[in-house]
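What follows is a single structure, written as structure tokens, with notes after it.
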Amino acid sequence: MSISGTKIAPAEGKLGILIPGIGAVATTFIAGVELIKRGLGQPVGSLTQLATIRLGKRTDNRSPYIRDFVPLAKLDQLVFGGWDIYEDNAYQAASNAKVLEPHQLDVVREPLEALRPMKAVFEQQYVKRINGPNVKKAANKRELAEMLMADIQSFKQTNGCSRLAMIWCGSTEVHRKATAVHQSLGAFEEGLAKSDPEIAPSQIYAYAALKSGVPFANGAPNLTHDIPALLDLARDRGIAVCGKDFKTGQTFMKTLLAPGFKSRMLGVSGWFSTNILGNRDGEVLEDPDSFKTKEETKLSVLDQILQPQLYPQLYKDLYHSVKINYYPPRGDAKEGWDNIDIFGWLNYPMQIKIDFLCRDSILAAPIVLDLVLFLDLAQRAGLRGIQEWLSFYFKAPMTAPGLYPEHDIFIQLMKLKNRLRHLMGEELITHLGLEYYD
Ligand SMILES: NC(=O)c1ccc[n+]([C@@H]2O[C@H](COP(=O)([O-])OP(=O)(O)OC[C@H]3O[C@@H](n4cnc5c(N)ncnc54)[C@H](O)[C@@H]3O)[C@@H](O)[C@H]2O)c1
């Protein structure tokens with residue numbers, strides 16, 4: 001049931017989660033779900049598991065859990081599969097990633113060991129710092145896409161899934177701009193047959209997912225399904241998509257603080273951000289081309305929140321710099337420093353320093369869970385194309401062409417909750433609140 005007569009199909013049967021990239025984020029997510037299912041952990045950071053949603057007036061006292069309000073798949077309905085260029089099963093990959101403690105991983109060793117990554121679609125020129133043996137070989141990129149579609153079908157059958165969702169948790173690919181081959185589905189399919197070098201591996205996964213009717217999310221900043229060819233395919237086939245680049249760590253902090261400064265009309269003259277990070281993600285980001293992809297999404301956030309074109313006297317001269325340094329001793333436990341130069345009344349300067357001792361994959365895992373559950377909901381509700389209400393989870397939210405993305409996390413949250421209310425035929429909440437004072 002929902003507004004406008006569309007029904008939401010029930011969340012019956014198993015939901016298969018397919019993940020290109022069985023690395024730190026993917027294994028922290030999967031191991032976490034397995035631990036939580038056994039009552040051995042809490043799903044901290046997940047709206048689908050912990051958040052409530054207010055319905056009606058503040059005086060109505062109706063605030064159910066989101067999970068009780070909308071029909072979401074339950075954790076014990078989830079099954080996991082994926083691809084990686086390394087042959088390590090998910091237990092070995094999680095052990096290497098060193099995010100979760102060995103004693104915790106050992107409890108869920110069995111289901112993790114059972115997840116052996118399928119052979120990946122990989123091209124060295126897109127991720128320069130790593131190379132592995134578990135890679136598909138084919139005459140051209142069309143064949144690779146067909147092999148992925150066969151993997152998807154066989155995973156679905158073998159695991160008896162009624163539905164699937166795919167989420168890219170692979171390494172950040174090098175920076176690319178959309179070219180002619182990305183402009184239409186016809187050009188893209190021709191490009192696959194000709195193995196056009198401009199078609200990235202992540203785009204082949206996205207294409208295979210969409211052709212198979214599987215909703216797709218991109219957790220990394222690379223150009224993937226945010227191209228006309230794949231967006232048209234998603235819309236025509238009625239498939240929900242979203243992206244890109246999980247909003248965790250330093251950018252999460254930025255999107256909390258920057259809207260606050262702007263709301264009080266405080267100026268910002270400089271924002272210097274630097275990180276040390278020692279996991280494989282950090283290693284991949286040492287390559288300047290991969291970092292450029294990341295830098296672009298990280299830098300655009302402040303500009304879009306602060307709107308210097310509307311507030312030149314406050315933000316026109318903002319100097320913004322973001323650095324990531326690979327520093328192995330820290331592993332996944334990164335440290336991010338921010339020095340923020342702000343100014344107030346009569347332009348008097350002030351400084352803010354942040355030192356965030358952060359755990360990237362611990363912040364990303366609940367985002368992966370929420371995204372796959374909400375994408376599956378969107379798909380069952382017949383929503384298609386870009387799901388802007390899921391911007392909440394991304395550093396570079398995808399939007400309709402010509403629309404600037406909404407980065408303010410509190411507006412994003414309101415959008416998300418209103419989307420759920422709208423889906424379920426509940427009144428939207430505008431926070432106007434006049435009714436309490438009549
Ligand atoms: N952890 C966070 O907070 C966070 C935030 C935003 C974005 N991300 C992005 O999420 C992605 C995953 O992060 P991570 O820390 O798990 O990295 P990771 O290096 O631990 O895992 C990525 C995995 O992807 C695999 N891979 C690379 N190319 C592949 C391909 N073509 N097909 C299949 N597998 C492939 C690698 O072998 C590796 O095992 C990265 O792109 C990262 O930038 C992470």
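- With a 4.5 Å cut-off on side-chain heavy atoms, Gln412 and Pro397 count as touching.
- One finds no salt bridge joining Lys415 and Glu406 here, because no Lys/Arg side-chain nitrogen approaches an Asp/Glu carboxylate oxygen to under 4.0 Å.
- Put simply, the side chain of Ser212 never gets that close to the backbone of Val214: no donor and acceptor are under 3.5 Å apart.
- Between atom CG of residue Leu302 and atom OG1 of residue Thr251 there is a gap of 9.0 Å, rounded to the nearest 0.5 Å.
- Within the structure, side chain to side chain donor-acceptor pair (under 3.5 Å) contacts touching residues 56-81 (residues at least two apart or in different chains) are Arg62-Glu426.
- When every heavy atom of Ser202 is checked against every heavy atom of Phe216, the shortest pair comes out as O-CZ, 4.5 Å.
- Put simply, CE on Met398 and CD1 on Ile386 are 4.5 Å apart, with the number rounded to the nearest 0.5 Å.
- Residue Asn279 holds its CG atom at 6.5 Å from CG of Asp360, rounded to the nearest 0.5 Å.
- Within 6.0 Å of CZ on Arg129 lie more than 12 heavy atoms contributed by other residues, nucleotides or ligands.
- Shortest non-hydrogen contact noted between Asp370 and Gly45 is OD2-O, 4.4 Å.
- When every heavy atom of Val284 is checked against every heavy atom of Ile130, the shortest pair comes out as CG2-CG2, 4.1 Å.
- Within the 4.5 Å cutoff, no side-chain heavy atoms of Asp287 are placed close to those of Thr172.
- Of all the heavy atoms in Arg235 and Gly385, the pair that sits closest is CG-CA, 4.1 Å.
- The CE atom of Met166 sits 10.5 Å away from atom CD1 of Ile19, with the distance rounded to the nearest 0.5 Å.
- Applying the 6.0 Å contact sphere to CZ of Arg359 captures no more than 12 heavy atoms from other residues, nucleotides or ligands.
- Nearest heavy-atom pair, Val322 versus Glu295, reported as atom, atom and distance to 0.1 Å: O-OE2, 4.2 Å.
- By the 6.0 Å contact criterion, CZ on Phe343 is enclosed, its count of non-hydrogen atoms from other residues, nucleotides or ligands being greater than 12.
- Within the model, atoms CG of Leu230 and CD1 of Ile239 stand 10.5 Å from one another, a figure rounded to the nearest 0.5 Å.
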**Item:** Chi angles and distances behind the salt bridge (Lys or Arg N to Asp or Glu O under 4.0 Å) call for Lys353, Asp338
**Value:** CA-CA 6 Å; Lys353 316 277 177 188; Asp338 286 275; over 6 Å; no

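- At distances below 3.5 Å, not a single donor-acceptor pair connects side-chain atoms of His182 with backbone N or O atoms of Thr224.
- Looking at heavy atoms from C-beta onward, His175 lies out of side-chain contact with Phe291 at the 4.5 angstrom threshold.
- Results of the side-chain hydrogen bond (donor to acceptor under 3.5 Å, both in side chains) test with Asn275 over Glu335, Arg330, Gln250, Lys323 single out Gln250 as the only residue that passes.
- Within the 4.5 Å cutoff, the side chain of Asn89 has no heavy atoms near those of the Leu112 side chain.
- Note: Tyr319 OH to Asp341 CG = 12.5 Å, rounded to the nearest 0.5 Å.
- By the neighbour-count criterion of 12 heavy atoms within 6.0 Å, atom CZ of Phe272 is densely surrounded, having more than that number from other residues, nucleotides or ligands.
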**Prompt:** For Phe155 and Asp151, what are the C-alpha separation, side-chain angles and deciding distance, and is it a side chain to side chain contact (heavy atoms under 4.5 Å, CB included)?
**Reply:** CA-CA 6 Å; Phe155 177 85; Asp151 287 348; over 6 Å; no

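- No side-chain heavy atom of Arg176 sits less than 4.5 Å from a side-chain heavy atom of Asn222.
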**Prompt:** Would Phe122 and Asp84 count as a side chain to side chain contact (heavy atoms under 4.5 Å, CB included) if you check the C-alpha gap in whole Å, the side-chain angles of each, and the deciding distance to 0.1 Å?
**Reply:** CA-CA 9 Å; Phe122 183 71; Asp84 206 288; over 6 Å; no

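- Considering only heavy atoms from C-beta on, Leu164 stays 4.5 Å or farther from Leu15 through its side chain.
- Ring geometry for Phe394 against Phe246 counts as parallel: the plane angle stays under 30°, on a 0 to 90° scale with 60° as the upper cut.
- In Glu110, the CD atom is not crowded: 12 or fewer heavy atoms of neighbouring residues, nucleotides or ligands sit closer than 6.0 Å.
- Counting only N and O atoms by type, the side chains of Gln307 and Lys262 include a donor and acceptor under 3.5 Å apart.
- Surrounding CD of Gln183 are more than 12 heavy atoms belonging to other residues, nucleotides or ligands, all under 6.0 Å away.
- Thr399 is not listed as a side-chain neighbour of Tyr404, based on a closest heavy-atom distance of 4.5 Å or more.
- Ring geometry for Tyr393 against Phe374 counts as tilted: the plane angle lies between 30° and 60°, on a 0 to 90° scale.
- Looking only at distances, a side-chain donor or acceptor of Arg380 sits under 3.5 Å from a matching main-chain atom of Pro71.
- Aromatic ring orientation, Trp83 versus Tyr205: perpendicular (interplanar angle above 60°, classes split at 30° and 60°).
- More than 12 heavy atoms of other residues, nucleotides or ligands shown are found within 6.0 angstrom of OH on Tyr436.
- Side chain of Asp355 to backbone of Trp337: no donor-acceptor contact under 3.5 angstrom is found.
- Side-chain atoms of Lys417 and His422 include no donor-acceptor pair closer than 3.5 Å.
- Remark: side-chain polar atoms of Gln203 are paired, donor with acceptor, to backbone N or O of Leu223 under 3.5 angstrom.
- Asp408 places a side-chain N or O within donor-acceptor distance of the main-chain N or O of Phe410, the cut-off being under 3.5 Å.
- Taking a 6.0 Å sphere around NZ of Lys98, one finds it holds 12 or fewer heavy atoms contributed by other residues, nucleotides or ligands.
- Between the side chains of Lys395 and Thr248, no donor-acceptor pair of N or O atoms lies under 3.5 Å.
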**Message:** Before you tell me yes or no, could you show the steps for Tyr207 and Glu189 under side chain to side chain donor-acceptor pair (under 3.5 Å), namely the whole-Å CA-CA distance, both residues' side-chain angles and the distance that decides it to 0.1 Å?
**Reply:** CA-CA 9 Å; Tyr207 172 79; Glu189 290 184 332; 2.6 Å; yes

**Request:** Apply side chain to side chain contact (heavy atoms under 4.5 Å, CB included) to Val70 and Ile8, showing your working.
**Result:** CA-CA 9 Å; Val70 289; Ile8 304 177; 5.8 Å; no

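- The shortest side-chain heavy-atom distance between Ser269 and Ile342 does not fall under the 4.5 Å cut-off.
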**Request:** Go through Leu369 and Leu78 one step at a time and tell me if the side chain to side chain contact (heavy atoms under 4.5 Å, CB included) criterion holds.
**Result:** CA-CA 10 Å; Leu369 175 62; Leu78 304 184; 4.0 Å; yes

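- A donor-acceptor distance shorter than 3.5 angstrom exists from the side chain of Gln379 to the backbone of Gly238, with no hydrogens or angles considered.
- Judged by distance alone, with hydrogens and angles left aside, the side-chain atoms of Arg163 form a donor-acceptor pair with the main-chain N or O of Glu12 at under 3.5 Å.
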**Request:** Would you check, one step at a time, whether the test ring pair (Phe, Tyr, Trp, His ring centres under 6.0 Å) holds for Phe80 with Phe29?
**Result:** CA-CA 10 Å; Phe80 308 100; Phe29 157 62; 5.4 Å; yes

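- Shown here for Trp168 and Asn218, the closest heavy-atom pair between the two residues is CD1-OD1, 3.1 Å.
- Formation of a donor-acceptor pair under 3.5 Å by the Glu286 side chain with backbone atoms of Glu283 is not found in this model.
- The backbone N or O of Trp389 sits nowhere less than 3.5 Å from a side-chain atom of Arg419 that would complete a donor-acceptor pair.
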